[in-house]
Amino acid sequence: MKDHSGAAPVTEGIGPWGMNLAGIGAALPDQVLTNDDLTEKIETSDEWIRERTGIGERRIGGTTSGLSLEAARKAIAAAGIDASEIDQVILATTSPDYRLPGTAPAVAHELGLQCGAFDLQAACSGWVYGLVVANGLLGQGMKKILVIGAETLDKMTDYSDRGTGILFGNGAGAAIVERTDLGQDPNGGQLLSWDLGSNGEFVRILYAEHGDTMLMDGKEVFRQAVTVIRHSAQVALDRAGLTVDDIDLIIPHQANIRIVEAAWKKLGFSLDKTAMVLERTGNTSAASIPLALDNALENGRIKSGDTVMFIGFGAGMTWATAIFKWGTNAS
Ligand code: UT7
């Protein structure tokens with residue numbers, strides 16, 4: 001096992017660094033909860049849910065650590081590395097296994113690691129926050145960071161509530177984020193720009209008390225989400241000196257297809273260039289973007305050199321956009 005006991009990171013000679021998303025993995029629990037299943041508990045219909053949200057089914061069951069581990073192992077295998085090479089574990093989740101401690105140390109332990117491991121709570125924006133934090137740690141000399149987004153939202157969702165019960169499900173996605181040396185490899189991957197934001201004025205539009213299920217003002221969440229997506233995407237584009245036409249694929253948080261459509265209209269984004277898995281996963285909060293990324297890679301939708309935009313938004317409110325140039329390791 002590596003000695004991580006406070007060793008100072010190596011910062012000399014790393015030059016301008018880039019990052020590759022060297023391996024991605026995803027995990028969904030087996031148990032499916034369809035829209036038709038929900039009609040047994042609430043007055044709703046498959047047609048209404050599909051039309052108003054774009055969701056067909058969601059997964060329930062499993063644990064946040066278990067799903068994290070499954071996704072992480074797939075990401076490690078896809079990156080072709082040994083788990084012992086990982087310097088840091090960041091687990092974005094709003095549904096940890098325990099109120100205390102965080103879930104990341106248990107995941108690290110199962111991988112045979114004693115490196116730094118912490119949970120990151122930024123709700124549905126969490127995985128994109130994690131990506132930006134990882135980029136900063138690479139700049140401090142770390143070489144490989146495991147960034148996971150994982151949720152078991154079924155334990156905080158009231159499936160007899162018409163507003164929230166139709167939306168949320170479980171899942172996990174993970175990425176091995178690897179430092180590259182841009183001096184030596186100018187075609188390596190790179191985080192071109194990002195925008196992280198929050199507005200705590202809106203805490204109460206989507207929240208859960210300790211031990212309780214989520215409460216939501218759906219209409220207000222919808223309205224605020226569209227506003228912050230438009231703002232954050234434009235800020236990130238401006239910071240990178242890019243326009244919409246320069247983006248090859250957009251991977252938004254999978255909350256509601258109508259939120260995406262409304263935001264895209266103003267931004268001039270196209271749904272054809274958008275990766276969606278919402279129909280079969282529902283809203284999996286911090287897991288949704290890496291789940292959609294995994295699916296996009298599986299379907300050959302990302303090529304080497306492509307520019308990909310991740311857009312997270314959710315409770316807090318928080319939002320996070322990251323524009324990433326893919327290195328030479330895509331399909
Ligand atoms: O990560 C962020 C997580 N949160 C979100 O993404 C939530 C964003 N908001 C939403 O997705 C939508 O607000 C919902 C899908 C939750 C609700 O859709 P809506 O269009 O805002 O519905 P509403 O509450 O305004 O209700 C409209 C109608 C009402 O009927 P009337 O009064 O017009 O006759 C409701 O009774 O739809 C009815 N309704 C339903 N019908 C069937 C509300 N919920 C349901 C339902 N099934 N589940």
Side-chain angles (χ1 to χ4, degrees), residues 33-59 92-95 120-129 149-154 156-171 173 197-208 213-233 251-264 274 276-279 281-292 310-321:
L33 184 67
T34 65
N35 292 344
D36 283 336
D37 292 335
L38 288 171
T39 62
E40 290 165 19
K41 301 178 191 190
I42 44 178
E43 210 187 309
T44 190
S45 66
D46 178 54
E47 191 189 1
W48 191 94
I49 299 172
R50 282 181 188 276
E51 194 187 302
R52 303 304 286 173
T53 69
I55 297 169
E57 61 186 39
R58 70 287 296 142
R59 301 294 180 102
T93 186
T94 199
S95 49
L120 189 161
Q121 158 60 297
C124 308
S125 318
W127 188 80
V128 184
Y129 265 75
E151 303 285 5
T152 42
L153 295 175
D154 59 353
M156 49 194 287
T157 301
D158 177 0
Y159 287 104
S160 64
D161 174 62
R162 275 171 124 202
T164 52
I166 57 170
L167 298 177
F168 298 106
N170 299 357
S198 72
N199 186 348
E201 184 190 339
F202 296 109
V203 169
R204 288 284 180 151
I205 62 175
L206 177 52
Y207 72 104
T213 51
M214 281 182 273
L215 297 173
M216 181 178 76
D217 177 346
K219 275 207 180 315
E220 194 55 24
V221 172
F222 194 111
R223 214 180 346 257
Q224 294 303 330
V226 172
T227 306
V228 299
I229 293 169
R230 286 176 182 164
H231 165 78
S232 188
I251 308 186
H253 167 48
Q254 315 277 304
N256 180 325
I257 190 67
R258 286 169 49 238
I259 291 179
V260 172
E261 285 168 350
W264 272 209
T274 306
M276 298 299 297
V277 288
L278 177 71
E279 197 268 335
T281 63
N283 181 342
T284 57
S285 193
S288 87
I289 290 178
L291 277 171
F310 302 108
I311 310 177
F313 53 92
M317 290 201 62
T318 60
W319 56 91
T321 300

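Side chains are part of it too, since the values below use all heavy atoms of this structure and drop only hydrogens, waters and symmetry mates. Numbering of ligands and ligand atoms starts at 1, following listing order.
Considering both main-chain and side-chain atoms, N283 comes within under 3.5 Å of ligand 1 through a nitrogen or oxygen pair. In terms of N/O distances under 3.5 Å, ligand 1 is not approached by S45.
The shortest side-chain heavy-atom distance between T213 and D161 does not fall under the 4.5 Å cut-off. Side-chain atoms of T44 and T39, non-hydrogen and from C-beta on, do get closer than 4.5 Å to each other. You'll find the side chain of I229 stays beyond 4.5 Å of the side chain of W319, heavy atoms only. N256 places none of its side-chain heavy atoms less than 4.5 Å from the side chain of N283. Under the 4.5 Å side-chain criterion, counting only non-hydrogen atoms from C-beta, I259 is in contact with F313.
Of the protein's non-hydrogen atoms, V221 CG1, 3.7 Å is the one closest to atom 5 (C) of ligand 1. When hydrogens are left out, the protein atom nearest atom 47 (N) of ligand 1 is T44 OG1, 2.6 Å; that is the closest non-hydrogen contact. Atom 48 (N) of ligand 1 has R162 O, 3.2 Å as its closest protein atom, hydrogens excluded (heavy atom only). For atom 10 (C) of ligand 1, the closest non-hydrogen atom on the protein side is N256 ND2, 3.6 Å.
Within a 4.0 Å radius of atom 30 (O) of ligand 1, the protein contributes no non-hydrogen atoms. Atom 43 (C) of ligand 1 is approached by the protein to below 4.0 angstrom, counting heavy atoms only. For atom 1 (O) of ligand 1, a protein heavy-atom neighbour is found at a distance under 4.0 Å. Inside a 4.0 Å radius of atom 36 (O) of ligand 1 there is at least one protein heavy atom. Under the 4.0 Å distance rule, the nearest protein heavy atom to atom 20 (O) of ligand 1 falls inside the cut-off. Distance check for atom 14 (C) of ligand 1: every protein heavy atom is found at 4.0 Å or beyond.
Between the choices A286, G312, G218, the shortest heavy-atom distance to atom 8 (C) of ligand 1 belongs to G218. Which of M216, M317, K219 comes nearest to atom 23 (P) of ligand 1 through a heavy atom is settled by distance: it is K219. The closest non-hydrogen atom to atom 17 (C) of ligand 1, taken over F313, F168, F222, W48, comes from W48.
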Going through the distances and angles, do T93 and E151 end up as a side-chain hydrogen bond (donor to acceptor under 3.5 Å, both in side chains)? CA-CA 6 Å; T93 186; E151 303 285 5; 3.3 Å; yes
Go through the steps for E261 and R258 under the test salt bridge (charged side-chain N to carboxylate O under 4.0 Å, His left out), then give the verdict. CA-CA 5 Å; E261 285 168 350; R258 286 169 49 238; over 6 Å; no
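R58 contributes a side-chain N or O that, together with a main-chain N or O of I166, makes up a donor-acceptor pair within less than 3.5 Å. D154 places no side-chain N or O within donor-acceptor distance of the main-chain N or O of N170, the cut-off being under 3.5 Å. Side-chain atoms of S125 come within 3.5 Å of backbone atoms of T318 as a donor-acceptor pair (strictly under, hydrogens ignored). Without hydrogens or angle criteria, Q254 side chain to S288 main chain gives no donor-acceptor distance under 3.5 Å. In this structure, the side chain of S95 engages the main chain of T152 through a donor-acceptor pair within 3.5 Å.
Residue I166 approaches ligand 1 through these ligand atoms, each under 4.0 Å from one of its heavy atoms: 48 (N). Listed by number with element, the atoms of ligand 1 under 4.0 Å from a non-hydrogen atom of H253 are 1 (O). Short contacts between ligand 1 and C124, defined as distances under 4.0 Å to a heavy atom of the residue, involve ligand atoms 1 (O). The distance from ligand 1 to the heavy atoms of G163 drops below 4.0 Å at these ligand atoms: 16 (C). Shown in contact with T53 at under 4.0 Å from a heavy atom are these atoms of ligand 1, numbered in order with element: 15 (C). Residue-ligand proximity, E43 to ligand 1, at heavy-atom distances under 4.0 Å covers atoms 42 (C), 47 (N). Interface atoms of ligand 1 facing R52, defined by a heavy-atom separation under 4.0 Å, are 20 (O). For ligand 1, the atoms closer than 4.0 angstrom to any heavy atom of A255 are 1 (O), 6 (O).
Applying the side chain to side chain donor-acceptor pair (under 3.5 Å) test to R204 and every residue at least two apart in sequence or in another chain returns Y207.
Considering every non-hydrogen atom in both L167 and T53, the closest pair reads CD2-CG2, 3.8 Å.
Here I259 has side-chain heavy atoms under 4.0 Å from ligand 1, and that is the only part of it that gets that close.
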